[in-house]
Every structure is written in structure tokens, then in C-alpha cells.
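One structure below.
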Amino acid sequence: MTKIDFMQGNTACAEGALAAGCRFFGGYPITPSTEVAEHMAAKLPKLGGVFIQMEDEIAGIAAVIGASWTGVRAMTATSGPGFSLMMENLGFAVMTETPCVVVNIQRGGPSTGQPTMSAQGDMLQCRFGSHGDYSIIALSPASVQEMYELTVKAFNLADRFRIPVFLMADEIIGHMRERIEIPDTIPAGERKLLEKDTLPYHAGKDLVPGFPQFGKGYGVHVTGLTHDERGYPCTTSPSVHEELVKRLVAKVESARHEIADFRVTNPGAEIIFITYGSPARTVEQLIHDHPDANIGHLRLRMVWPFCENALGEFPDARVFLVPEQNLGQIAREIERHTSVPVVPLPKLGGALHTPAELKAAMEAWR
Amino acid sequence: MRLVIDERRCKGCNLCTIVCPYKIFRQGAKPNARGIVVPELDRPERCANCRLQALYGRTLCGMCQMICPDQAISWKDEEIGEPTKVAIEF
Amino acid sequence: MTYTDWLREDRLPHIYCAGCGNGTIINCTLNAVDHMGWKKEDTVFVSGIGCSSRAPGYISTDSLHTTHGRALAFATGIKMANPGLHVVIFTGDGDLAAIGGNHFIHACRRNIDLTVICMNNQIYGMTGGQGSPTTPVGALSTTTPYGSREPTFDLCQLASAAGANFVSRWTSYHVKELTRAIHTGLQIPGFSFIEAAVQCPTNYGRRNKFRQVMDQVEYFKTHAILQQKAERLKAEGKSVPENSIVIGDFIRRDRPAMGVKR
């Protein structure tokens, strides 16, 4: 029996994490993500988990990575400034292949910006924010229901690929209250442990090595330095570094079509909206108010890795309109993959696009 | 037992020469194949640990081993047939 | 089992310069860990960045070599998530007191059941000898070419004030005492902080009148003064000689601790 409830997006995210088996939360309070931490603080101790409020976001993500190595599912939640602080350690998680989930309830930036207003300005930061080449997965929920579902999905993807997975929500989704159906069972996923007598960073066909959990007798050395398959630092060999970094990128990018997650409305349409997060709701309203088979909608639930095949779902497309709460961060990525004109529809300041604004933008292409 | 310096690990810092109560370690004179001047041993059979470790069943002094930053100092059992000057003292 | 069984033999010799004291501190720590009778699979060594922080790579247990200054935050996560693991942290003066200062005082405040061994060489060795928060006033380094003018941190006083359960300072000359102090630190529930003054012949000694490796160790030998003696001198109204290194166990108390296995 699914349970019907009415709750806030941030709470739904915490509930999804608990359902996915998350038993460690390390974080630091920051508007507008605090409700995730508050809910975890209330629930985790009763479930035998650990909630710890660290001294800053740097320590928050560090504690999460440390906890993850003991085999528990661990997460943190933050917003813009805290997300910026986490960047170095997120690179560490990528390099050491540590599964973890980072929830970013985006707010207006740069700097302290608009703490209580919505934005989607961290979409490129989550992909490219740390130094060096790497690849990650970023999911973007557009409803309270998806805050729950995608949080569960984030944990499963993190364990499968051994990378940090980002839940890139925005303030509107985080603070919105709506109806949610909580399912009895959730898609299961588990962390594949390292087989005995295998080198700790030796990857098979899927390019993801088994997880040498601490306390199991693997005796593994985990380092943020460039390391060989034994896990030993090897910082001066060009070939070892190239091989490692290429594998870190390829393990995600080569699976991007398989794990792609998007929703298509009116595939035969010529004018296509591409959205993720809260702007998707305005487009849905527009299509609801003006039913027209010529208006299509591609809603990305997984933004990174960007699956360019999703654009091929609209063979008759004449234009891609991309409403975002930033100055066109994902529009730039879409532009890279298509010859069809891509029109960013940026909106800053925290207010959502209105259906009228989108309709006006669309009419120009009729 | 026999005191040995692992020449593959020793970096020639000579810290062992200042801690040994018997002054067994002396600064070396000639560089080895790796270009490192490894300390020389002066009558190592005087080492308390060499003589008494087996009797007491534990490491006795061991200062040189502890301070050696390169983990190069250890005690080895004599091989069978190896002439040994070490006798147990009472 | 002896402490040498804890070494990752296939990685030796290590990267430390000739005469570097860090190797001595590894010996002392492993000796103390070995005395505890812990199993390898239950022991985790954590470190940040710097010379000292390369140490876990030479130990055959699970080990985490993290980002600069954050070792204590990572260790907090490990210990809180699995209190059954014994977590020992190697860190240096720059790693702990400069970039990781905030994590240090908060780990002391929380009094998490960790043992921290700080190899204080008073310099940034890995990056080529820049001044650190513990570089003595007047000492030369590449970033203090006219002598350091900043007052220094006393890490032990800092840990005491912030709430650690065990605080101790020894030098790389006092190997037996240091081993015993680390052993005590490992036994005590709560946060244990052991500062070990180590020589850095390459980057500190060379610029500060310790031309030979042994010179700085001799300095530790002659300038170390036991805490009890220092206090006695003060009580008698005499002054503690300048430039002396006060050594000993400073704090041993039983504040409520976090992350202790029940």
C-alpha cells in the first residue's frame, strides 16, 4: 500500500534518503536546505544512524566521505555558498571513488546572494567546480514526489558508479508543499564489494572497481593523489594519471545513454521546451492551458551526464527553448549537441517564469 | 641474534650513532652502491638485545631501531652453522 | 607480532629525506598500536596533506590520505559511523594548526575518541620550507627570509583549552616516552593529542644553524625540559630557560566523549 502524505520538498528528500537506507548525515545549516538536516536529525538517531552537525560545509562533506568508507550510505545537504566550500573534497570523493549524495537546494548567487529565493545557478559548478577532469551525475527534481524518488535514485547511482551524486533541486521545489505518494518498496541498489585477492583499484568491464570497505580486512590505502591499481601514490607517471582520469570520466560518460532519465511530451512537435527543476512546472502549465501538439517538452530528470540522444526524441524540432533560473547554463550544453537553434530563456531573481512569458517567447517561433 | 642494517633502506642520517648506549654504531666512511654512507658496526656482539633477547623473550633496549627513521635496523637469528661470538651472559 | 609487521614493506624505503624525524614517529606509533593488541582490520590511519601525512601509506591497515587540513573531519565521519574502528590520525603543524585549525578545536570540543599524532617540524616541508604557525620567532624559512615575526601556536595549550581528554608533548629524541604517551592516548576514551617535535634537516635545520641531522636532535635532547621541572622552577620564582621545549603529559581527564564503542 502506498502512503499518501502532504509534505515539503526538503522533508520528502530526507524521507527518501531514510528509505534508501541512508544512515549518516553530516552537514552545516544553510538556508534553504536546513529542513533536510532538521528532519534527518530527528529521524536518524531512532533508526540507529548518525546525525552530526559539523563546524563547516568542508567538514560536513569530509565526514560524509569518511563515513561512506565504513560502508554506510551517507549524505549531506547544502546550498550555494556551502556547495562552493565543498568543492575540494568533492574532487577528493571523485578521485578516491567514494559513493555519497550531496543535496543542493539552489539559491540566488553569486556569494551570499538571495538566501531565500530560488535559482539554478550551480548547474555548471556541480559538473565542473572542482579542479581537474572528472564526471559526476546530477539529478534535478521538479516536484515533491521527485524529491523523494530521485533521492533514492541518487543513492543507488552513487553506489553503482562510486561517485558523488548531486540532487540539484532549487528553493521552490525544496520549500514547496504538495501531495506525495510514498511507495512501499523502492528500487534496490547495493555497493558491490571488492572481491578478495583483487587489486583495490582494478576495474572490470564496467570501469567501476569493487568497494574495499574499511574494517573488512582489505588493508587498502585510499589517497587523493594519483594512484595505481594497488591504490599506491604514483604521481609522476604520465600514463598512470592519464589512464586513471580517463577511466573516472568514462565510467560515467559511457553509461550516459543507459542511465538517462527524461520525460517527453509531444515528440512530434516543432517548438520544444527543454527544462529541469521548477521551470518544468511552468511549461507543464502552459501546455495544459494551451493544448497544442506542436509544443513539445523535454524534461530532464538527470542533467549530468548530459544525454544528447534525448534531443533526438524530437525529430521535427525547429527550435529548443530553454527556460532556466540562470543565464543559460544548460542551454550552452544543449547548443553543443544540435544544429537546431537553441534559445535560452533566462530568469534571475528568484521568481518563476510565468506561462505568459513562455508563451510570448514561443509565439516568436510560430 | 645478530644486528643488521638494511642497506636498501638506510639513508645515512647517523641518528643511531647518538642513541646507542654501547656506541656500537660509528659513522661510516665509504659510500655504498646507492651512494649512501651507511654507519659501521663496532663489535656488535656487545649489543644487549643481541645477547639477551632470546632469553627474555622481548626486545630489550631497541633505541637504535626505534629512532631509525628509515626502519633499517633489525635483529636476525643466526643461520644454522653460522659462527657466532654471542654467548648468553648471566 | 612486532611493530614491523604493521609496515607496508613493499612501499619502503619511504619518501622522507635522510634524517627526517617522521619515520621515528611512525615507529613509536606502530609500537604503541602493537602494544594495544588491536587487529589490523579494525584499525584505520587517517591523514591530511604534507610530509607527516604520507605516513599512513606505509602502514598496511586501511588508510585514508585526505585533503589538506581535513583529516580530523574525515576521521570524525569514520569514527561516528563505525565506533568499532580504532582511528589514529597523523598530521603536521601546518595541516593541523593552519588550514585545519578549525577542525582541530572542534574535534577537541566534541572529544571524539580519536588519537591525533602531530609531527611538528615547525615548517612546511613538502612544499619546500615555508613558515608555519609554529615556526619560532626569528627562525628563517623561505617565506620568512628576515626571520619569522609572527607569534606561534602552542598546540598543546590549544588542545587543552578546547577540551581534549589527553594532551602530551615529546620529541623525536624521546622515543620511549613518546611511545608510552601514544599508548596512553590510544587507551584513553575521547580525544587524545600527542605533539611530537621532529627535526626537518632539509628545510628547517639547514636554514637555522642545524647543519647536521644530529644537531637538531641534540638540541631536542638538551633543550627539552619536563613539565614538572618547569613548574618547579616557576614555583621557586626562577625563570624557565628561553627556547626550552616543555615536554610531558599535560592533561589527562575524563570529559564525556563521543564515538566511544559501547
Side-chain angles (χ1 to χ4, degrees), chain A residues 23-26 28 44 48-74 76 85-93 95-96 98 100 130 200 212-225 227 230-235, chain C residues 6 8 10-11 14-15 39-49 53-87 89 99-110 112 114 162 258-259:
Chain A
R23 290 296 176 267
F24 187 94
F25 185 99
Y28 188 81
L44 269 176
V50 176
F51 171 88
I52 186 161
Q53 182 176 321
M54 297 301 287
E55 50 271 20
D56 53 29
E57 283 89 350
I58 301 172
I61 183 68
V64 163
I65 294 169
S68 181
W69 274 98
T70 69
V72 300
R73 284 188 157 183
T76 185
L85 282 179
M86 287 183 184
M87 277 305 143
E88 186 196 9
N89 281 344
L90 286 170
F92 178 82
M95 192 57 145
T96 57
T98 311
C100 56
S130 200
Q213 185 181 326
F214 280 7
K216 295 269 185 197
Y218 288 106
V220 62
H221 181 54
V222 179
T223 173
L225 289 167
H227 43 267
R230 297 172 298 174
Y232 293 176
C234 182
T235 53
Chain C
W6 292 76
R8 210 183 272 276
D10 58 339
R11 287 209 66 210
H14 47 57
I15 59 161
K39 285 190 205 144
K40 272 191 190 176
E41 59 261 36
D42 296 338
T43 312
V44 179
F45 288 89
V46 184
S47 65
I49 293 292
S53 301
R54 287 299 191 101
Y58 303 107
I59 300 171
S60 61
T61 63
D62 291 325
S63 48
L64 191 60
H65 177 212
T66 68
T67 46
H68 198 19
R70 320 297 173 200
L72 281 166
F74 282 90
T76 301
I78 295 173
K79 188 66 185 175
M80 293 305 291
N82 185 354
L85 294 172
H86 309 293
V87 184
I89 294 108
I99 189 166
N102 199 24
H103 307 303
F104 177 44
I105 54 175
H106 282 277
C108 291
R109 171 182 66 81
R110 290 192 186 100
I112 299 176
L114 305 168
M258 285 175 75

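In what follows, chains carry the letters A, B, and so on, assigned in the order in which the sequence lines appear, proteins first and then strands, with residues in each chain numbered from 1. All of these numbers come straight from a predicted model, not from anything done at the bench.
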Could you tell me which portion of A:Val72 (side chain, backbone, both or neither) has an atom closer than 4.5 angstrom to a non-hydrogen atom of chain C? side chain

Check whether A:Tyr218 gets within reach of chain C through its side chain, its backbone, both or neither, counting any heavy atom under 4.5 Å. both

Aromatic ring pairing A:His221/C:His65, orientation class (parallel under 30°, perpendicular over 60°, tilted between): parallel

Do you know the tightest heavy-atom contact between A:Lys216 and C:Asp62? N-OD2, 4.3 Å

Kindly give the heavy-atom pair with the smallest separation between C:Met80 and A:Val50, and that separation in Å. O-CG2, 3.3 Å

Interatomic distance, C:Thr67 atom OG1 to A:Leu90 atom CG [nearest 0.5 angstrom]: 10.5 Å

Could you list the residues that satisfy salt bridge (Lys or Arg N to Asp or Glu O under 4.0 Å) with A:Glu55, not counting sequence neighbours? C:Arg110

Chain A interface, residue from C:Gly84, C:Ser63, C:Gly57 that has the most non-hydrogen pairs under 4.5 Å: C:Ser63

Pairs of heavy atoms under 4.5 Å with chain C: top-ranked of A:Gly71, A:Gly217, A:Gly219, A:Pro200: A:Gly219

Pair count under 4.5 Å, heavy atoms only, with chain C: among A:Gly91, A:Gly224, A:Gly215, highest is A:Gly215

Side-chain heavy-atom pair A:Ile61, C:Arg70 within 4.5 angstrom cut-off: no

Would you call C:Ile78 and A:Phe214 a side-chain contact if the rule is heavy atoms closer than 4.5 Å? yes

Using heavy-atom distances under 4.5 Å, tell me whether C:Thr66 contacts chain A through its side chain, its backbone, both, or neither. both

